[in-house]
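Working notes for the structure below.
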Number of protein chains: 2
Amino acid sequence: MANIKEVAHHAGVSVASVSRVMAGHAGVSEATRQRVLAAVKALDYRPDLAARRLRSRRTDTIGLIVSDIRNPFFTEVSRAVEDVAYQQQWRVILCNADENPDKEAAYLDLMRDENVSGVILSPTLARLARFRPADYPFPVVLIDRCERDTAADAVVLDNVDAAYRLAAHLIENGYRRIGCLYGAVSATGHQRQEGYAAAMAAYGLKPQAVAAQATIDQARTAARNLLQQEPRPDALLASSGLILLGTTEALREAQLRFPEDLALAGFDDLPWTRLVEPAITVIAQPTDDLGRAAIHLLQQRIAQPDQAVRRVVLRGELQVRGSSARRSPIRTGHLLTAM
Amino acid sequence: MANIKEVAHHAGVSVASVSRVMAGHAGVSEATRQRVLAAVKALDYRPDLAARRLRSRRTDTIGLIVSDIRNPFFTEVSRAVEDVAYQQQWRVILCNADENPDKEAAYLDLMRDENVSGVILSPTLARLARFRPADYPFPVVLIDRCERDTAADAVVLDNVDAAYRLAAHLIENGYRRIGCLYGAVSATGHQRQEGYAAAMAAYGLKPQAVAAQATIDQARTAARNLLQQEPRPDALLASSGLILLGTTEALREAQLRFPEDLALAGFDDLPWTRLVEPAITVIAQPTDDLGRAAIHLLQQRIAQPDQAVRRVVLRGELQVRGSSARRSPIRTGHLLTAM
DNA sequence: CAATAACAAGTAAACGATTACAATAATTAT
DNA sequence: ATAATTATTGTAATCGTTTACTTGTTATTG
């Protein structure tokens, strides 16, 4: 592979001129620009990124640390992030921390080693609790998870609001003993549980929330337990796509039909929620917007390290489907007038 | 951040010794090793990767180019690849080529710029047709797609065999007019169609295959068309998870029940295939093994550039479920005796 | 027309590691 | 005890860029 010296020699100019042309800098005449470009083409020259990064001290690389790319929510988000990044000639290093604080720490160290320009992070509960941007040698934008008092750039769903609306929808459709399965290991799960509890309280109902790991298997087990309760819940709210999946499996297993035996609703508008019969009522998350907003925030922070901290809060969209269909009119009517 | 010089000075040794200790090379006494380690700790030193890569001319980075990470098959594979890679201190650059040859070419150029140690590639049809490892400045391992005569390292499913078994299963369960929806843009789709056609031929049945883009929307449209045919197929075989999803949507839309109105079977054992009722018969792909095998092949190729070309062929596992349940005994008995 | 500004192009010093080679010290062999 | 060998350590060149600074030209201005 040709290097900058050979190109310079071939074009009859100095290496500085070649560098300037490659970087698109001003201060180079059209004539030399053309000669350089010709030489570049003739020699099939491409600047060496390692050398460039060493000298310029910038990598144009960002880290994306999520819990697990197999979680459809993160799959979508990462795709959005990568699309924007590559369009702007940035590289993305994707890492799966598996909600494991040690792994998360290891990946953050790796980001330091790579001298990344910035990181988009979906933090574990432990890290989020004491998160301060100043503790990191690079800009960080949080996604999906953020507490009310977190002083950091972040892009999140309004989880409390979304869960509130989802629970309120169930209540208004006549359900009373609504159980909630929420993710124990993330701030998001807690906030959704909070929104659910608030809705229950607003309608004078007793909440019954059960924490579960955000995996299909754990959710299935947790749902099984909830279904053993006496009296059995008449509706179930799942705080994420994976938990909804596990919960639905538990219902199938117990041969319970929705909405006849109990209603079902959850988060994340995944294709399969429209395939089961009846289709499942969900809160759709704007994953694409979320990913794009995150990388844009990051870019702005990189450009202006001292700008004020920003938080982008996105609204989830309630998709009403058959799984939460209105209950027998007798009870429903009663509630609606009581409101 | 401290650099190697400062560490050397702090430890009272030369930079060479520090470098040797960091690289874990032999030829350094235990005494100096300890002094260096102490200095490293004291100064919180981490070697600069850009400098190391520039000088050593190796990046310990691999590229992973797939069509779309949102395709669950690739989501799983990439997760497996990343797990193995990070364990060995390698970096992964993930790229989505969207079955677009131009994008694919752009990403391969990027791999060259990054001077990657190797690439794991799921090639477009166009590239695969004239694929020669020697055309690339880095080792390449193909995944998911590979022709019989491709002279390159590859890890693939035995697609023809898997599709044959899936089709044979339908036939043996009494179905006759079996339609096949296969991915038009990938070698995999074609091979699965081939296996399907072979099975149909073996049983003296007329194949009816329809090509579709491997997206949910396109598959739904294609399935609609197939369902319009007279006489209507009595079974449908979908050549990938996404196509199966779109096909299932089309069935729901047309209010057709499986297996009563027609049987259904496909590829990829995704969680939702067990959630619909009845559950769907599928070929499960060993995505984890596939990812691991790919990165291991790549490592061996990097270590021994001249070793013989290898192909790893994995077997899909048939998961029989309700969607392909045996048809009315009259016809079935007839066929089984005829075998 | 001289003085000054504006612009183009070149020179050479970084950036922070690795590594070939030389030099020295410590062992072992004779 | 000396030579030969081996194990450590240090010196300095090198990887391929970017960029501050210098020099040389050309255009502008009073």
Side-chain angles (χ1 to χ4, degrees), chain A residues 1-40 43-61 89 91 110 112-117 137-138, chain B residues 1-40 43-61 89 91 110 112-117 137-138:
Chain A
M1 264 275 291
N3 62 24
I4 200 172
K5 253 190 197 161
E6 303 175 56
V7 174
H9 182 253
H10 189 279
V13 300
S14 72
V15 293
S17 293
V18 177
S19 175
R20 282 189 272 255
V21 170
M22 294 308 289
H25 282 171
V28 49
S29 72
E30 188 54 26
T32 51
R33 216 180 77 85
Q34 291 305 333
R35 304 181 57 183
V36 168
L37 256 26
V40 164
L43 301 179
D44 192 24
Y45 168 70
R46 312 246 53 204
D48 184 283
L49 291 180
R52 181 197 294 243
R53 287 169 180 159
L54 170 58
R55 176 58 230 234
S56 70
R57 303 278 67 198
R58 42 206 305 274
T59 56
D60 290 348
T61 297
Q89 313 270 40
R91 307 289 178 268
L110 186 150
R112 206 244 281 207
D113 290 353
E114 289 284 350
N115 191 24
V116 294
S117 303
F138 35 70
Chain B
M1 264 278 291
N3 62 24
I4 199 172
K5 250 189 199 161
E6 304 175 55
V7 174
H9 183 253
H10 189 279
V13 300
S14 73
V15 293
S17 293
V18 178
S19 176
R20 283 189 271 255
V21 170
M22 294 309 287
H25 282 170
V28 50
S29 71
E30 188 55 26
T32 51
R33 217 181 76 86
Q34 290 306 333
R35 303 182 58 183
V36 167
L37 257 26
V40 164
L43 301 179
D44 192 25
Y45 168 70
R46 314 248 50 204
D48 185 284
L49 292 179
R52 180 197 295 244
R53 287 170 180 159
L54 169 58
R55 177 58 229 240
S56 70
R57 303 277 69 196
R58 43 206 304 273
T59 56
D60 290 349
T61 297
Q89 313 271 41
R91 307 286 179 269
L110 186 150
R112 207 243 285 203
D113 290 353
E114 289 283 349
N115 190 26
V116 294
S117 303
F138 36 70

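By convention in this document, chain letters (A, B, ...) are assigned in the order of the sequence lines, proteins followed by strands, and residues within each chain are numbered from 1. The structure displayed is predicted, hence computed values, not measured ones.
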_Contact letters for nucleotides 13-23 of chain C, in which S counts primed atoms plus P, OP1 and OP2 and B counts the base, heavy atoms under 4.0 Å_ = BBBBBBB----

*How far apart are the closest heavy atoms of A/R57 and A/L54, and which atoms are they?*
NE-O, 3.1 Å

*Starting at CZ of B/R35 and ending at C1' of D/dT8, how long is that distance when rounded to a whole Å?*
13 Å

*asked:* Within the structure provided, determine whether A/D113 and B/Q89 are in side-chain contact (heavy-atom separation under 4.5 Å).
replied: no

_Heavy-atom closest contact (A/V28 atom, A/R33 atom, distance)_ = CG2-N, 4.2 Å

*asked:* Restricting to non-hydrogen atoms, name the atom on B/R53 and the atom on B/R58 that form the minimum distance, rounded to 0.1 Å.
replied: CG-O, 3.4 Å

*For A/S117 and A/D60, which heavy atoms make the closest approach, and how far apart are they?*
OG-N, 3.3 Å

*To the nearest Å, how far apart are B/E114 CD and D/dG16 P?*
16 Å

*Separation of A/E30 atom CD from C/dA8 atom P, in whole Å?*
11 Å

*Give me the bend of the helix from C/dC1-D/dG30 to C/dT30-D/dA1, using the axes of the five pairs at each end, rounded to 10°.*
40°

*Would you call A/L49 and A/R91 a side-chain contact if the rule is heavy atoms closer than 4.5 Å?*
yes

*Taking side chain as C-beta onward, heavy atoms only, is A/N115 less than 4.5 Å from B/R46?*
no

*asked:* OP1 or OP2 of C/dA8 versus the side-chain N and O atoms of A/T32: is any pair under 4.0 Å?
replied: no

Let me check something: any side-chain donor-acceptor pairs from residues 8-25 of chain B under 3.5 Å, sequence neighbours excluded? List them with distances.
from  : atom 1 : to    : atom 2 : distance (Å)
B/S14 : OG     : B/A16 : N      : 3.4
B/S14 : OG     : B/S17 : N      : 3.4

